[in-house]
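Everything on this sheet refers to the single structure shown next.
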Amino acid sequence: MIDVKLIRENPDLVRENIRRRNDPEKLRILEEFIEADRQWRLMQTELNNLRKKRNQLSFEIAQRKKAGEDVTQLLIEAEMLQNKIKEMEDATEEYRRKSISILMRIPNLLHESVPYGRDENDNVEIRRWGSPPKFDFKPKGHLEIALDLGLIDEERANKVAGSGFYYLKEELVLLDLAIERFAIDFLRERGYILIEPPFMLRRKPYEGCVDLADFETVMYKVENEDTYLIATSEHPIAAMYMNEVLDEKDLPLKFVGISTNFRREVGTHGKYTKGFFRMHQFNKVEQFVFCLPNQSWEIHEELQWNCEQMYRMLGLHHRVVNVCTGDIGTIAAKKYDTEVWMVDGKFREIGSNSNCTDYQARRLNIKYREGTGKPPKGFVHTLNSTALATSRTMIAILEHYQQKDGSVIMPEVLRPYMNGIERLERKK
RNA sequence: GCCGGGGUAGCCUAGCGGAUAAGGCGCAGGCCUUGAGAGCCUGUGACCCGAUGAGGGUCGCCUGGGUUCGAAUCCCAGCCCCGGCGCCA
């Protein structure tokens, strides 16, 4: 969430920033909040005054009782006052809840370098690497390739788990693991701390991590328990330091997280859903950073450069876009999407990299201090970025490296992680 | 899952129905000192009103309910931590 004080003290600045998102609904939410907040503060002041009276009265009752005086009249008065306070408390609490729930829906402030635009078509390409692979045959899509190689079983997965699931087999499983190991080693060499988080989270920490609308469309809830399957390791890693104050000397804290991710993918009709592109379950290596406010923009570029280097090492034709104001999500101040070339000639998102500034940290209440024993100075900044999502990376590898005979050559950097396998071939 | 013990400010600890949560450590400021240290003094959670002032007020003792004129303190439910028993890959 964004800083309430900023809205109170400088509403025009916030208004102007949100206007750039091309979303009148968000502006309306802001105005709604300003009014609810004004109302709440009035009620809060009145409530405080009533409570003050109660405290005075209580003190008086205690004094008179001690002195052995009759307090009947005062008790009647106190009861009436108490009823009034109860009413006022309920009303104030209702307003507080209301204004917080509105506040949570106000998006993060956008960085000035975010390009203005309406939707994904207005995202601005800032880099492109490589060139489309050339084939002297009609290239196949990844799903067909994997089926022909006998390395997946789609039908049986659908039978037992529904659509959006696959049994991966043999070398394809090794490839999945190899991609993870490659990314892990790459990032550990650069000082990132490897972490495997819990794959489930309670609702409270989860609310700190995501846009509330996501709960319905992406999260799987565990029945009869207050837990949700994680949609990405970003979430448990972000929540790890909930309600804590980090020491400045420990920052930046850089993590490489691995997890399986679970997504319901409700309402994705019309989106590209072929094969491994949009599954209910997939593995991903993630970069996550907690840092000081003045470090986050530099680190945002570092995270981006990390994944671009990996795609180069894998030899995958890709481009990077600066996601425009109309397409960026609620919590990011700036976002890069990396898009990889796919066999139908289109670039599709393979990973994204967001600087959430203090938006996520404020919700999760993660602060920093300047030294031991010193009071909290402010909220940390958080960044999350895909390192490699194995499913989409496998799509790209299968499609880039397919051969006329149906086999697929493995990128050299992955071979050490695959027992030296150089090529995926159909077995007899 | 069952039986004990516990959860108080950045940390450690007291209070266990009568306002303002005691003390220590750490941290910040001041006095003293050529400087540092020691010693002494003051401050050290969130929120609201107020002018980003002076000042005033409310809340805060794991979370949520309840009892009471009044709850850190009593009652109920839940979460977490530490022991012991059971079950288990």
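We name chains A, B, ... by the order of the sequence lines, and we start the count at 1 in each one.
Proximity of the aromatic rings of Phe282(A) and Phe276(A) is defined here by a centroid distance below 6.0 angstrom, and this criterion is not met. In this structure, the ring of Tyr336(A) has its center less than 6.0 angstrom from the ring center of His300(A).
rA22(B): no Watson-Crick or G-U partner with both key distances under 3.5 Å is found in any strand. Summarising the base pairing, rC85(B) is matched to rG1(B) through a Watson-Crick or G-U wobble pair whose two defining distances lie under 3.5 Å. In this entry rG55(B) has rC49(B) as its Watson-Crick or G-U wobble partner, both defining distances falling under 3.5 Å. Base-pair partner of rA14(B): not found among the strands shown (Watson-Crick or G-U wobble, both distances under 3.5 Å). For rA72(B), there is no paired base (Watson-Crick or G-U wobble, both distances below 3.5 Å). Partner assigned to rU33(B) is none, using Watson-Crick or G-U wobble distances below 3.5 angstrom.
Every residue was checked against the salt bridge (charged side-chain N to carboxylate O under 4.0 Å, His left out) condition with Lys334(A), not counting sequence neighbours, and none meets it. Partners of Asp12(A) according to the salt bridge (charged side-chain N to carboxylate O under 4.0 Å, His left out) rule, which considers only residues two or more places apart in sequence or in another chain, are Arg15(A). Residues that satisfy the side chain to side chain donor-acceptor pair (under 3.5 Å) test with Arg188(A), not counting sequence neighbours, are absent from this structure.
For the C1' atoms, the distance linking rA21(B) with rG15(B) amounts to 8 Å, nearest Å. Between the P atoms of rC12(B) and rG65(B), the separation comes to 27 Å (whole Å). Separating the C1' atom of rA19(B) from that of rC2(B) is a span of 43 Å, rounded to the nearest Å. Between rA46(B) and rC82(B), the distance separating the two C1' atoms is 30 Å to the nearest Å. Remark: the separation of the C1' atoms in rG45(B) and rC40(B) is 27 Å, to the nearest Å. Using P as the reference atom, rC62(B) and rG6(B) are 13 Å apart when rounded to the nearest Å. Remark: the separation of the C1' atoms in rC25(B) and rU44(B) is 13 Å, to the nearest Å. The separation of rG23(B) from rC41(B), taken at their P atoms, amounts to 12 Å, rounded to a whole angstrom.
Atom NZ of Lys86(A) and atom P of rG65(B) are 11 Å apart (whole Å). One atom, CD of Glu244(A), and another, C1' of rC11(B), lie 13 Å apart when rounded to the nearest Å. Atom CG of Asp250(A) and atom P of rG10(B) are 17 Å apart (whole Å). Protein atom CD of Gln56(A) is 14 Å distant from nucleotide atom C1' of rC69(B), rounded to whole Å. Distance, Glu370(A) CD to rU44(B) P: 19 Å, rounded to whole Å.
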For nucleotides 46-64 of chain B, just jot down a letter per nucleotide in 5' to 3' order: B, S or -, based on protein non-hydrogen atoms under 4.0 Å. -SSS-------BSS-----
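Applying the ring-ring contact (aromatic ring centres under 6.0 Å, His included) test to every pair with at least one member in residues 78-120 of chain A, sequence neighbours left out, gives these pairs: His111(A)-Trp297(A).
Using a 3.5 Å distance cut-off with no hydrogens or angles, the side chains of Asn283(A) and Asp176(A) do pair a donor with an acceptor. In summary, the side chains of Thr382(A) and Gln360(A) do present a donor paired with an acceptor at a separation below 3.5 Å, with no hydrogens or angles considered.
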Contacts under 3.5 Å, N or O only, protein and nucleotides 25-30 of chain B:
unit_1  : atom_1 : unit_2    : atom_2 : d
rG26(B) : N2     : Gly373(A) : O      : 2.8

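The pair Glu16(A)-Arg19(A) meets the salt-bridge criterion, with a side-chain N (NZ, NE, NH1 or NH2) lying under 4.0 Å from an Asp/Glu carboxylate O.
The aromatic rings of Phe165(A) and His280(A) lie tilted to each other, with the angle between the two planes from 30° to 60°.
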